[in-house]
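Heads up, the thing below is written out as structure tokens.
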Amino acid sequence: IIPAVFLSFCLLRCFSGVKDTSPLDVFIQLASAFLGGIAVALALKAGVRFKELVCAQVASSLLQIVLILSGVAPEPPPGDDSFRYAGITGNANVLALQLTLGACMIWVLPRKAGVLPCALAFGAVAFALAVTGSRKALLTGGFFLLLVLVQTLALVPRKRRRLVATLAILAGSLAAFIIVPWVSQNGREIVAVQRTLDYDDSSFR
């Protein structure tokens, strides 16, 4: 049902033209996401190991990061207030989603993904938050942390979950006590946070 509803949404978006945006372009973007999800599902069904998909995601994320750090990736001209890196995707939001949603995919099955990819996923999310200035990165980054928490608790034996959950809450509270003052003072230096506080537009909604 969900794929059928999503495809119907793509078609409806195609007919309702958005200002300064081609309806066909909107349809292509949504349909490509739809087909990308189907491609991953078909790959898994055909016998491709989840570990191989994880390796592909890690490789693509590292490629984006290396090209940006080396100055090879084409970037849009800097704006009036901030410079948002877009990588080889050509769009800062697309880059942010590629890195953060890719990290989420890795943590869907952390045992099969392996320790190194799971660790690199944190780096990908941090990089997205630091350089893209995308508010979508804040949303998916928060979802990523929630997913990590849920998956970590699932890996803990049931008898110890209450103890681990208590320790996690205490550690989180202590970290928040230390981090919140710093964020309140320096948070606006992060472009995504600055844009969240200063801007209100249909894209973010």
Side-chain angles (χ1 to χ4, degrees), residues 1-3 5-6 9 30 32-45 48-65 87 89 92-180 183 187 190 192-193 195-196 203-205:
I1 294 174
I2 292 175
V5 171
F6 187 82
F9 175 72
L30 292 170
S32 65
F34 171 76
L35 294 175
I38 293 296
V40 172
L42 290 176
L44 291 172
K45 188 174 181 180
V48 175
R49 293 187 304 161
F50 181 76
K51 181 76 172 181
E52 294 172 351
L53 290 177
V54 167
C55 290
Q57 174 60 44
V58 169
S60 65
S61 297
L62 289 178
L63 176 63
Q64 291 269 27
I65 293 172
T89 64
N93 288 324
V94 174
L95 172 62
L97 292 174
Q98 192 257 336
L99 294 174
T100 54
L101 291 179
C104 290
M105 186 194 76
I106 292 172
W107 272 86
V108 166
L109 296 172
R111 283 182 175 175
K112 290 187 176 181
V115 176
L116 182 59
C118 286
L120 292 175
F122 284 92
V125 172
F127 188 83
L129 290 172
V131 307
T132 64
S134 173
R135 295 162 296 182
K136 296 176 178 66
L138 290 175
L139 295 175
T140 51
F143 177 78
F144 168 75
L145 293 178
L146 179 62
L147 178 63
V148 170
L149 177 62
V150 170
Q151 293 290 51
T152 301
L153 289 177
L155 294 174
V156 177
R158 289 187 177 182
K159 293 181 179 179
R160 298 182 180 178
R161 284 183 186 177
R162 182 173 296 179
L163 174 61
V164 172
T166 303
L167 292 176
I169 292 173
L170 291 175
S173 301
L174 179 61
F177 181 75
I178 298 172
I179 294 174
V180 168
V183 171
I190 301 174
V193 174
R195 295 180 69 244
T196 300
S203 174
F204 191 39
R205 288 196 293 270

Show which side-chain atoms of residues 105-130 pair as donor or acceptor with protein atoms under 3.5 Å away, not counting sequence neighbours.
unit_1 : atom_1 : unit_2 : atom_2 : d
Trp107 : NE1    : Cys118 : O      : 3.2

Measure from the side-chain N and O atoms of Gln98 to the backbone N and O of Gln57, and report whether any donor-acceptor pair falls under 3.5 Å. no
Could you measure the distance from the CG atom of Leu147 to the OG1 atom of Thr140? Nearest 0.5 Å is fine. 11.5 Å
So, using side chain to side chain donor-acceptor pair (under 3.5 Å) as the criterion, who are the partners of Thr152 when residues are at least two apart? none
Answer with yes or no whether the side chains of Gln64 and Ser60 bring together a donor and an acceptor at under 3.5 Å. no
Spacing of OG1 belonging to Thr100 relative to CG belonging to Leu139, to within rounding of 0.5 Å: 9.5 Å
What is the distance from atom NZ of Lys136 to atom CG of Leu97, rounded to the nearest 0.5 Å? 7.0 Å
